[in-house]
Amino acid sequence: MAGRAEAVESMEQLAAGWRAMVLDRDAAADVRDLPGIAVRWADCRFAFWNCVTLTEADAGAALLEQRLGEAADIMRAKEHPGFLWLFEDLLAPEARAGVRSAAEKAGFAYAFPGTGMAGDLLPLPEPSHPELTFVRVTTDEQVRAYADLNARAYGFPLEDGRHGLVGSTLWKSQVYAYLGMRDGVPVSCAATVETDGRLFVVLVATDPRWERRGYGEAVTRKALYEGGRATGLTRATLHATAAGAPVYPRIGFEPNTPIHFYGLKS
């Protein structure tokens, strides 16, 4: 089933990509592959680096209920909050129909929706935007600017974003991370990283003051172009928020599995 295969790919990209990101943040991070659950938890203030996801394909309602309870117990033991990522098309139809109520029963509150996307779209033409120049992230100052853009875009305190990214070596070397600069000021950012034979797009953000100008699409194209040129990869994947979902098909991505993000009930 093509939909199931794409959902597995999307989940596995998260598990592999977040392993590198979380261990870059903290070499002692909780990175475990348990039966049916992948834990990728830096336990830092940047909530995206605190992640649990369910990994079994075709999980039925009873197994889903069990795994949700186990995931909630893992998250309750942590200091900082994070997200449970649920890839809808991994679930059996009856589990899919009752997933929201099962999650609430386990102690989760729905946070926001997302969409897995992928495409055999590389190489891309070299991108440009009349209002932007592109700068690759190679310095601590640029990493901080990247963190601040994500914090503003996703509604985190600036210090939380910095707690996740500042001090990283990975983001200055192995990640193809780019800032979109308008008159010397960072206004958008996107990154790609080689992940299990694909180019994985991560942490795309635009300063809310500069939205709806094509900046996010342009800098994403730049990160894909440079990552593809460096690695020779032809397939790319990403996990889109609702705000970003309309942008990526214009680049060549095709939506596959819906993703649901949950946090613990307060």
Side-chain angles (χ1 to χ4, degrees), residues 2-22 24 38 40 48-49 51 53 55 85 87-90 113-129 132 134-137 146 149-150 153-154 165 168 170-180 188-206 214-259 261:
R4 182 63 48 76
E6 290 167 348
V8 170
E9 176 189 41
S10 194
M11 176 274 295
E12 290 179 343
Q13 284 283 283
L14 172 70
W18 253 234
R19 173 186 290 272
M21 297 296 169
V22 165
D24 171 65
R40 304 290 186 264
F48 285 140
W49 285 173
C51 164
T53 190
T55 58
W85 298 48
F87 292 82
E88 182 178 299
D89 287 348
L90 285 184
T115 306
M117 296 190 182
D120 297 300
L121 51 85
L122 298 166
L124 291 176
E126 184 169 7
S128 63
H129 190 288
L132 298 181
F134 302 115
V135 175
R136 185 170 181 184
V137 172
Y146 200 108
L149 282 167
N150 270 266
Y154 295 108
L165 291 176
S168 169
L170 186 77
W171 279 76
K172 294 184 291 185
S173 56
Q174 297 177 45
V175 178
Y176 303 95
Y178 283 84
L179 298 171
S188 61
C189 62
T192 58
V193 61
E194 185 173 0
T195 304
D196 284 354
R198 296 156 179 81
L199 209 55
F200 185 24
V201 179
V202 293
L203 297 190
V204 177
T206 299
Y215 294 171
E217 179 179 344
V219 74
T220 301
R221 286 180 178 274
K222 178 64 174 179
L224 284 163
Y225 171 79
E226 297 294 350
R229 189 169 68 158
T231 64
L233 296 172
T234 59
R235 186 165 179 80
T237 62
L238 59 80
H239 302 120
T241 62
V247 173
Y248 301 117
R250 297 200 293 263
I251 300 174
F253 286 94
E254 296 181 1
N256 44 65
T257 179
I259 306 170
F261 293 82

Roughly how far apart are [X] [atom1] and [Y] [atom2], rounded to 0.5 Å?
X	Y	atom1	atom2	answer
Asp24	Trp171	CG	CH2	9.0 Å
Tyr225	Ser128	OH	OG	11.0 Å
Met21	Leu165	CE	CG	9.0 Å
Phe253	Leu238	CZ	CG	4.5 Å
Asp120	Arg198	CG	CZ	9.0 Å
Glu6	Glu254	CD	CD	7.5 Å

Would you say that [X] contacts [Y] through its side chain, given a criterion of any heavy-atom pair below 4.5 Å between the two side chains?
X	Y	result
Thr206	Val219	no
Val204	Tyr248	yes
Gln13	Asp196	yes
Ile251	Leu224	yes
Thr231	Tyr176	yes
Leu90	Thr257	no
Tyr178	Tyr146	no
Pro258	Asp89	yes

Taking all non-hydrogen atoms of both residues, which atom of [X] and which atom of [Y] are closest, and how far apart?
X	Y	result
Val175	Ala191	CG1-CB, 3.6 Å
Ser173	Arg136	O-NH2, 3.0 Å
Ala20	Leu170	O-CD2, 4.0 Å
Ala16	Thr195	CB-CG2, 3.7 Å
Gly227	Leu199	C-CD2, 3.5 Å
Ala242	Pro246	O-CD, 3.5 Å

- Message: Please enumerate all residues that pass side chain to side chain contact (heavy atoms under 4.5 Å, CB included) together with Ala245, with sequence neighbours excluded.
- Response: Met117, Ala240
- List the steps, then state whether side chain to side chain contact (heavy atoms under 4.5 Å, CB included) holds for Trp18 with Thr53. CA-CA 11 Å; Trp18 253 234; Thr53 190; over 6 Å; no
Heavy-atom donor-acceptor pair, [X] side chain to [Y] backbone, under 3.5 Å:
X	Y	value
Arg235	Gly197	no
Thr237	Ser10	no
Ser188	Gly216	no

- Criterion side chain to side chain contact (heavy atoms under 4.5 Å, CB included) against Phe48, the qualifying member of Val202, Leu203, Val22: Leu203
- Query: For Glu226, which residues count as a salt bridge (Lys or Arg N to Asp or Glu O under 4.0 Å) partner, sequence neighbours excluded?
  - Reply: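 If we apply the salt bridge (Lys or Arg N to Asp or Glu O under 4.0 Å) test to Glu226, skipping adjacent residues, the hits are Lys222, Arg229.
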- Ring center gap for His239 and Phe200 short of 6.0 angstrom: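 So the answer is yes for these two rings.
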